[in-house]
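This report refers to the structure that appears directly beneath it.
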Amino acid sequence: MNAAGVRMVMTRARSRGTGASLQWGGEKAAPLRSGEAAAEGRKSYGPVKRQRKTRRLSVAYEASEGEKGEGPERLQAPSWEPQDWRQQLDNIRTMRSGKDAPVDQLGAEHCFDPSASPKVRRYQVLLSLMLSSQTKDQVTAGAMQRLRARGLTVDSILQMDDSTLGALIYPVGFWRSKVKYIKQTSEILQQHYGGDIPASVAELVALPGIGPKMAHLAMAVAWGTVSGIAVDTHVHRIANRLRWTKKATRSPEDTRRALEEWLPRELWREINGLLVGFGQQTCLPVHPRCQACLNRALCPAARGL
């Protein structure tokens, strides 16, 4: 082979690309869209008559050639967060430091029998959450006390007739519907879960009378697992007043999704009880006590914006 032929072979060898593994922070990158390539061609420095063109993949969080080496901040994912939210949160913590709101004494984590077996305690947590919908904590706690006095287990509920169960939980909101849901759910738990409650949000929300807020609270209180932010009417109202969502949300579930997009995960467990108590004492649904609120100068709703 003559010298020109050797140079051509070496040039072609240099121009071949090598496969690139797409990872970020030890995690695999998002799947590539159809038609995209994951390889970047290596530059050729030899004199080539017909140089192969290389298609460069645009990957999220990847710096362009001109940006490489200019600092890690260019590789961070763009994110939105509310203005002054950390100061607002610290102020709410200060206002809630007394832990003297109804939720602090009568919430779901206080309504079960601490001497019962773990399985029974988890069942009682779930029932207290079912009763708490559209009901004040004081009323829910009273209903739970009456149920526990009769022996609150899956078997005892299934052996109880509907009229007796209704009398015990009255006057919780929508008590007639809750009698039906409690019986149906208890039967499912007995038949499919050995009298225990499911350990996943998907299975919990499939039970009659269980919504996303109850499911996430059940996971946190009964199983000790943070699966998401539990958003009730208090959290929904306060998040919108503080503009903790990019735009106004119409339902608690919309608010949950909006909050989970930016709120650090380590705060997910704390935020429900913190805001619920704040909503019970200060940020009331009607006539909120803005003059007594440490966030009055930072809250868009208080400023009338």
Side-chain angles (χ1 to χ4, degrees), residues 72-73 76-110 129 132-138 140 201 211-221 224-305:
E73 66 277 358
Q76 294 176 356
S79 61
W80 174 91
E81 63 180 30
Q83 184 179 8
D84 300 322
W85 75 269
R86 293 185 184 277
Q87 184 59 56
Q88 291 168 340
L89 183 62
D90 285 343
N91 289 340
I92 293 173
R93 286 196 183 108
T94 299
M95 290 183 282
R96 293 278 289 112
S97 60
K99 298 293 183 182
D100 52 359
V103 68
D104 298 315
Q105 309 298 326
L106 306 172
E109 62 269 32
H110 303 289
L129 291 170
S132 69
S133 176
Q134 302 295 314
T135 305
K136 292 184 177 181
D137 289 333
Q138 297 91 324
T140 299
V201 172
K213 181 209 76 171
M214 300 180 199
H216 289 303
L217 279 176
M219 290 297 296
V221 177
T225 300
V226 178
S227 57
I229 300 175
V231 177
D232 66 352
T233 56
H234 292 291
V235 179
H236 172 62
R237 178 180 71 256
I238 295 168
N240 277 273
R241 284 179 175 175
L242 292 174
R243 304 295 191 268
W244 279 10
T245 59
K246 288 184 180 180
K247 59 181 181 180
T249 53
R250 296 186 176 183
S251 70
E253 188 62 6
D254 289 339
T255 301
R256 179 190 66 79
R257 287 189 288 263
L259 289 175
E260 290 179 0
E261 286 182 358
W262 66 268
L263 188 69
R265 192 177 181 90
E266 61 267 21
L267 299 176
W268 287 11
R269 186 185 186 107
E270 174 193 20
I271 204 68
N272 175 266
L274 197 64
L275 294 189
V276 168
F278 180 56
Q280 290 175 337
Q281 294 182 310
T282 306
C283 198
L284 306 175
V286 181
H287 305 304
R289 298 166 181 166
C290 297
Q291 293 303 315
C293 180
L294 298 179
N295 283 326
R296 60 186 177 275
L298 298 175
C299 176
R303 298 197 306 263
L305 300 180

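In this chain, numbering begins with 1 at the start of the sequence shown. What you see is a predicted model; the values in this text were computed from it and never measured.
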Legend entry - Partner residues of Glu260 under the side chain to side chain donor-acceptor pair (under 3.5 Å) criterion, sequence neighbours left out: Arg256

Inset, instruction - Not counting sequence neighbours, which residues clear side chain to side chain donor-acceptor pair (under 3.5 Å) with Asp90? List them please. - result: Arg93

Legend entry - Expected output: side-chain Asp137 to main-chain Thr140 donor-acceptor under 3.5 Å: no

Inset, instruction - Quick one: do Thr225 and Met219 satisfy side chain to side chain contact (heavy atoms under 4.5 Å, CB included)? Show the steps, please. - result: CA-CA 5 Å; Thr225 300; Met219 290 297 296; 4.0 Å; yes

Inset, instruction - Could you list the residues that satisfy side chain to side chain contact (heavy atoms under 4.5 Å, CB included) with Arg269, not counting sequence neighbours? - result: Ala220, Val226

Inset, instruction - Check side chain to side chain donor-acceptor pair (under 3.5 Å) between Asn91 and all other residues, then give those that pass, not counting sequence neighbours. - result: Gln87, Asn295

Legend entry - Gln138, CD atom: more than 12 neighbouring heavy atoms under 6.0 Å: yes

Legend entry - Partner residues of Ser132 under the side chain to side chain donor-acceptor pair (under 3.5 Å) criterion, sequence neighbours left out: none

Inset, instruction - Please step through side chain to side chain contact (heavy atoms under 4.5 Å, CB included) for the pair Val103 and Arg96, ending with a clear verdict. - result: CA-CA 11 Å; Val103 68; Arg96 293 278 289 112; 4.0 Å; yes

Legend entry - Inter-residue atom distance Arg237.CZ - Leu242.CG, 0.5 Å rounding: 11.0 Å

Inset, instruction - Would you please test Leu129 and Val221 for side chain to side chain contact (heavy atoms under 4.5 Å, CB included) and show each step? - result: CA-CA 10 Å; Leu129 291 170; Val221 177; over 6 Å; no

Legend entry - Check: Ala301 main-chain N/O paired with Arg241 side-chain donor or acceptor under 3.5 Å: no

Legend entry - Any donor-acceptor N/O pair, Arg289 side chain to Gln281 backbone, under 3.5 Å: yes

Inset, instruction - Give the minimum heavy-atom separation between Asp254 and Arg257, together with the two atoms involved. - result: OD1-NH2, 2.6 Å

Inset, instruction - Please identify each residue that fulfils ring-ring contact (aromatic ring centres under 6.0 Å, His included) with Trp268, with sequence neighbours left out. - result: none

Inset, instruction - Report yes or no: does Thr255 contribute a side-chain atom to a donor-acceptor pair with the main-chain N or O of Glu253 at less than 3.5 Å? - result: no

Inset, instruction - For atom CD of Gln83, decide whether the heavy atoms of other residues, nucleotides or ligands shown that lie under 6.0 angstrom number more than 12. - result: no

